[in-house]
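Worksheet: one structure, shown below.
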Amino acid sequence: MEKIAVLVEHRQDEVRDITFEMLGKAHQLVGEGGEVIALFLGDPSQKGLLDAITPHAHRVIAYLDTNLKNFEPLRYQAAFSQIFENVDCQLILMGQTAFGMDLAPAVAAKWEIPFTSDVVDIEASDGDLMAIRQMYSGKVNAKVSLKAGDKRLLTVRAGAFPAEDIPTVSGEVQEITGAVEGDFSARTFVEYLEAAVGDVDITQADIIVSVGRGIKDADNIPIAEELANALGGVVACSRPVADKKWLPKERQVGTSGKTVKPKVYIALGISGAFQHQAGMKNAGTIIAVNKDPKAPIFGIAHYGIVDDLFKVVPALTEKVKGIKG
Ligand SMILES: Cc1cc2nc3c(=O)[nH]c(=O)nc-3n(C[C@H](O)[C@H](O)[C@H](O)COP(=O)(O)OP(=O)(O)OC[C@H]3O[C@@H](n4cnc5c(N)ncnc54)[C@H](O)[C@@H]3O)c2cc1C
C-alpha cells in the first residue's frame with residue numbers, strides 16, 4: 001500500500017489520540033517510500049493544531065472553513081466531499097468514534113467505496129487489504145477482505161494501535177479555504193457537556209476495584225468496597241452495574257463511561273467486552289477474577305484468577321488487611 005490518508009480528529013481544540021494511533025499504523029503499512037496524508041477539517045483559528053500533525057505526515061491537506069470548528073455530521077460530510085476526489089490514496093482511515101461512526105458510513109455510501117468499521121488490525125500486501133474486526137464480544141477475530149478499488153475506507157477502534165513512536169517526517173501543508181454551502185440545520189452543534197464527576201472521581205484513582213455483572217446483586221457491592229478500602233482504592237463498575245443503578249453512572253468505566261488509568265485495576269466478574277476494555281486497558285497492572293477462563297478480560301490482564309469472586313475477594317481482602325496490619 002503506497003498512500004494512506006488519515007482523517008484528523010479534534011475536539012475542544014485538541015487533537016485526539018486516535019489520530020496519532022492511525023498515523024502510526026499508516027506509517028507501518030506504507031513503509032519506507034510510501035506516503036501518509038493527514039486530512040484536516042476545521043476552523044482557520046485551529047490551524048495551530050496542525051503543529052502536532054505535520055511532523056507525522058508527509059502531506060497535510062487542511063480544509064479550513066469558519067463553520068468547521070466543532071464536528072457537525074452534515075456539514076463535515078459536505079466538507080469531506082470537497083476534498084475526497086482530490087486525495088490520491090488507496091486507503092482512508094477514520095476513528096471508530098462518535099465522529100468517525102457518523103461520518104464514515106455517509107462517505108462510503110456517497111462514493112460507493114468498500115468500507116469496514118471498528119477495525120482492530122489491518123494487513124496489507126500487494127494491494128490486498130484485510131481488516132481484522134472482533135465478533136461475539138471479542139471472543140473471535142474475523143478477517144474481512146476489502147474489494148480492490150480506487151479507495152477503501154476503514155474506521156479504526158480507539159486504542160487498537162499505539163499513539164507513541166510515530167515516525168517523524170516533514171509534512172508539507174496544503175491549505176484549502178472552503179465554504180461549504182447547504183442546509184445543515186437538521187443536526188447542528190450546540191455545546192459540549194462535561195460528564196458529572198460524582199462523589200468519587202475514578203479517573204484520579206491509583207487503585208480501582210471494578211465490579212461487573214458477576215457481582216450479581218447490589219447487596220454484594222460491599223464485598224468489593226471492603227477490598228477497595230483495604231487497598232486504599234475506589235470502586236468502579238461495568239455498564240450493566242450502572243444501568244441497574246447498583247452504582248452511580250459516574251463510576252462506569254468504558255466507551256460510554258469514563259476512561260481510567262490507575263496503577264492497579266482489579267476486574268471482578270467483568271467479561272471484558274471491548275467497550276469496557278477501551279476505558280481501562282492502559283492501567284498499569286490489570287488483575288482479573290472471573291469464573292470463565294475464556295473471558296476476554298484475561299486477554300489483557302497481567303494476572304488472572306479463574307475462580308468464584310465470592311470466594312476469592314474476601315480471601316484477598318483478609319490477606320491485604322493482614323499485610324497492612
Ligand atoms: C454502545 C455501547 C456502549 C457500551 N459502553 C460500555 C461501557 O462504557 N462500559 C461497559 O462496561 N460496557 C459497555 N457496554 C456494554 C458491553 O458491551 C458489555 O455488555 C458489558 O461490558 C458487560 O458487562 P459485564 O462484563 O459486567 O457483564 P457480562 O458480560 O455479563 O460478564 C459477567 C462476567 O462475570 C463472570 N462471572 C459471573 N459470576 C461470577 C462469579 N461468581 N465469580 C467470578 N466471575 C463471575 C462471567 O463469567 C462473565 O464473564 C456498551 C455496549 C454498547 C452497545
Side-chain angles (χ1 to χ4, degrees), residues 18 95-102 104-105 117-120 133-141 155-160 193-198 201-203 205 208-228 234-262 265-283 286-301 303-317:
I18 181 72
Q96 174 75 11
T97 56
F99 176 106
M101 280 192 279
D102 218 322
S117 64
D118 198 18
V119 164
V120 294
R133 63 196 310 278
Q134 296 189 328
M135 297 168 71
Y136 305 115
S137 303
K139 287 194 172 141
V140 177
N141 277 356
T155 52
V156 173
R157 184 182 294 177
L193 292 173
E194 289 297 335
V197 170
D201 185 358
I202 58 169
T203 64
I208 294 181
V209 176
S210 196
V211 291
R213 203 170 356 221
I215 198 77
K216 296 204 167 52
D217 198 281
D219 291 345
N220 297 326
I221 303 274
I223 300 173
E225 277 169 346
E226 218 185 319
L227 176 59
V234 301
V235 173
C237 63
S238 66
R239 179 159 155 173
V241 173
D243 285 351
K244 287 175 192 285
K245 306 209 183 326
W246 295 348
L247 280 169
K249 178 79 180 161
E250 298 85 59
R251 304 281 188 110
Q252 182 191 317
V253 173
T255 48
S256 54
K258 301 265 169 72
T259 300
V260 295
K261 206 176 169 185
Y265 188 89
I266 306 179
L268 306 175
I270 293 178
S271 58
F274 77 84
Q275 293 97 340
H276 188 82
Q277 289 193 16
M280 45 65 74
K281 66 167 180 280
N282 291 321
I286 299 169
I287 302 165
V289 183
N290 198 304
K291 283 200 302 195
D292 176 6
K294 294 205 170 102
I297 193 77
F298 288 126
I300 57 161
Y303 300 95
I305 303 172
V306 181
D307 210 335
D308 185 344
L309 74 89
F310 295 103
K311 200 169 88 192
V312 173
V313 178
L316 264 181
T317 307

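We count residues from 1, following the sequence as given. Note that the structure is predicted; figures quoted are calculated from it, not measured. Whatever order the structure lists ligands and atoms in, that order sets their numbers, starting from 1.
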Fill in: Numbered atoms and elements of ligand 1 in range of Q252, under 4.0 angstrom, heavy atoms
6 (C), 7 (C), 8 (O), 9 (N)

Discussion item. What I'd like to find out is whether the side chain of Q134 reaches to under 4.5 Å of the side chain of N141, using heavy atoms alone.
Written reply: yes

Fill in: Candidate pair K291 and D308, rule salt bridge (charged side-chain N to carboxylate O under 4.0 Å, His left out), full reasoning
CA-CA 5 Å; K291 283 200 302 195; D308 185 344; 5.6 Å; no

Item to complete: Considering the heavy atoms of G254, write down every atom of ligand 1 situated less than 4.0 Å from one of them.
Response: 7 (C), 8 (O), 9 (N)

Worksheet item: To the nearest 0.5 Å, what is the distance between OH (Y303) and CD1 (I286)?
Response: 12.0 Å

Item to complete: Number the atoms of ligand 1 from 1 as they appear, then name those within less than 4.0 Å of a heavy atom of G212, with their elements.
Response: 26 (O)

Item to complete: State whether the shortest distance between N or O atoms of C237 and N or O atoms of ligand 1 falls below 3.5 angstrom.
Response: no

Worksheet entry | Side-chain heavy atoms of R251 within contact of V235, under 4.5 Å | yes

Worksheet item: Roughly how far, to the nearest 0.5 Å, is OG of S210 from CD of Q252?
Response: 9.5 Å

Worksheet item: Taking side chain as C-beta onward, heavy atoms only, is I300 less than 4.5 Å from M280?
Response: yes

Worksheet item: Any N or O of A273 that comes nearer than 3.5 Å to an N or O of ligand 1?
Response: no

Item to complete: Would you please say whether a donor-acceptor pair under 3.5 Å links the side chains of R133 and S117?
Response: yes

Fill in: Proximal atoms of ligand 1 relative to F310 (non-hydrogen, under 4.0 Å)
41 (N)

Worksheet item: Which is it for V253 and ligand 1 at heavy atoms under 4.0 Å: side chain, backbone, both or neither?
Response: backbone

Discussion item. Can you name the atoms of ligand 1, numbered from 1 with element, that are less than 4.0 Å from a heavy atom of G257?
Written reply: 8 (O)

Item to complete: Ignoring hydrogens and angles, state whether a donor on the side chain of Q275 or T255 is under 3.5 Å from an acceptor on the partner side chain.
Response: no

Discussion item. Tell me whether L309 has any N or O atom under 3.5 angstrom from an N or O of ligand 1.
Written reply: yes

Discussion item. Is P240 close enough to touch ligand 1? Criterion: a residue heavy atom under 4.0 Å from a ligand atom.
Written reply: yes

Practice prompt. Working to the nearest 0.5 Å, report the span between SG of C237 and CD1 of I215.
Written response: 11.0 Å

Fill in: Proximal ligand 1 atoms for I270, defined as those under 4.0 Å from one of its heavy atoms
25 (O)

Discussion item. Contact between ligand 1 and D307 is defined here as a heavy atom of the residue under 4.0 Å from a ligand atom; is it met?
Written reply: yes

Response to the item:
Under 4.0 Å from one or more heavy atoms of S256, ligand 1 contributes atoms 3 (C), 4 (C), 5 (N), 6 (C), 7 (C), 8 (O)

Discussion item. Which of the numbered atoms in ligand 1 are under 4.0 angstrom from any heavy atom belonging to S238?
Written reply: 11 (O), 23 (O), 24 (P), 26 (O)

Worksheet entry | Whether over 12 other heavy atoms sit under 6.0 Å from K249 NZ | yes

Discussion item. Could you work out, for atom 12 (N) of ligand 1, the closest of K216, R239, K294 by heavy-atom distance?
Written reply: R239

Fill in: From the candidates K258, R213, H276, the one that places a heavy atom nearest atom 30 (O) of ligand 1
R213

Item to complete: Could you check which of D308, V306, D292, N290 puts a non-hydrogen atom nearest to atom 49 (O) of ligand 1?
Response: N290

Item to complete: Starting at CD1 of I305, measure out to CG of L268 and round the result to the nearest 0.5 Å.
Response: 9.0 Å

